Amino acid sequence: MTRYIAALFMATAFALPVSAQDSTEEVVMENLRGVGALDVDQIVATYADDALLLTSDKVYSGHDEIRGFYEDFVAEFSQPDISMNSDGMNIAGNTAVMVWNGESPDNVYEYAADTFVVDGGKIVSHSFVGKIIPK
């Protein structure tokens with residue numbers, strides 16, 4: 001079983017320099033470590049209680065709905081033969097953006113981008129957009 005997702009997110013989580021200013025970086029890196037570990041509880045813990053996760057299809061509001069989004073994500077990316085590649089990350093102030101591509105047995109993620117807004121040590125807003133081609 002190939003598990004490139006863990007390597008992608010773990011490499012991203014440790015590749016950026018740590019500085020005193022970046023609670024944004026710390027929160028986003030904790031989120032990505034949870035994603036890499038496929039740990040829904042760890043991921044959801046990085047969000048504020050009233051956080052929003054926006055996609056082109058739906059707005060997920062609060063922990064319960066965000067948990068549902070990540071349960072689907074983890075189910076897809078727990079399968080064999082997945083891959084993900086980071087195309088970069090930038091952080092400015094309380095905002096971070098990550099661009100990536102990947103493939104699962106279900107979909108090809110030709111292009112994907114996640115934008116996170118952090119306040120008070122938690123993600124308060126997260127948007128995801130991508131060109132996803134079903135297999």
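Since the model is a prediction, treat every value here as computed from it, not as a measurement.
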Pair Met29-Met89, side-chain contact (heavy atoms from CB on, under 4.5 Å): steps then yes or no
CA-CA 11 Å; Met29 293 303 101; Met89 176 182 277; 3.4 Å; yes
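- Closest approach of Ser86 and Trp100 over heavy atoms only: CA-CB, 4.2 Å.
- Looking at Asp49 and Lys122, their side chains never come closer than 4.5 Å, going by heavy atoms from C-beta outward.
- Looking at Val59 and Leu53, their side chains never come closer than 4.5 Å, going by heavy atoms from C-beta outward.
- Remark: the Asn101 side chain and the Glu110 side chain contain no N/O donor-acceptor pair separated by less than 3.5 Å.
- Placement of Met84 and Val99 in two distinct hydrophobic clusters is found when ILVMFWY residues are connected by side-chain heavy-atom separations under 4.5 Å, directly or transitively.
- Glu30 and Thr46 form no side-chain donor-acceptor contact under 3.5 Å, judged by distance and modelled atom types alone.
- Defined by atom type and a distance below 3.5 Å, a donor-acceptor pair is missing between the side-chain atoms of Gln42 and Asn31.
- Contact check on Asp41 versus Arg67 returns a salt bridge, with a Lys/Arg side-chain nitrogen under 4.0 Å from an Asp/Glu carboxylate oxygen.
- Judged purely by atom type and a 3.5 angstrom limit, Glu65 has no side-chain atom pairing as donor or acceptor with the backbone of Gly62.
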What's the verdict on side-chain contact (heavy atoms from CB on, under 4.5 Å) for Asp81 and Glu103, showing C-alpha distance, side-chain angles and the deciding distance?
CA-CA 8 Å; Asp81 299 321; Glu103 187 169 347; over 6 Å; no
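- Connection of Phe128 to Ile43 is established within a shared hydrophobic cluster, with ILVMFWY side chains joined at heavy-atom distances below 4.5 Å, either directly or through further cluster members.
- Asn107 places a side-chain heavy atom less than 4.5 Å from the side chain of Glu76.
- Using a 4.5 Å cut-off on side-chain heavy atoms (C-beta onward), Pro105 and Ile82 make contact.
- Side-chain N/O atoms of His63 and Tyr47 include no donor and acceptor closer than 3.5 Å.
- Checking side-chain atoms of Lys58 against main-chain N and O of Phe69 turns up no donor-acceptor pair under 3.5 Å.
- Side chains of Tyr111 and Ile132 form no contact here, defined as non-hydrogen atoms less than 4.5 Å apart.
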Report the C-alpha separation of Ser61 and Asp50 in whole Å, then their side-chain angles, then the decisive distance to 0.1 Å, and conclude whether the side-chain contact (heavy atoms from CB on, under 4.5 Å) test is met.
CA-CA 6 Å; Ser61 180; Asp50 59 349; over 6 Å; no
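- A donor-acceptor contact closer than 3.5 angstrom is absent between the side chains of Tyr70 and Tyr60.
- Taking the side chain as every heavy atom from C-beta outward, Val118 and Val28 approach each other to under 4.5 Å.
- Within the 4.5 Å cutoff, the side chain of Asp114 has heavy atoms near those of the His126 side chain.
- Thr115 places no side-chain N or O within 3.5 Å of a backbone atom of Ser127 that could act as its donor or acceptor partner.
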In sequence, state the C-alpha distance, the side-chain angles, and the governing distance for Phe116 and Ile91, and then conclude on side-chain contact (heavy atoms from CB on, under 4.5 Å).
CA-CA 9 Å; Phe116 302 90; Ile91 299 173; over 6 Å; no
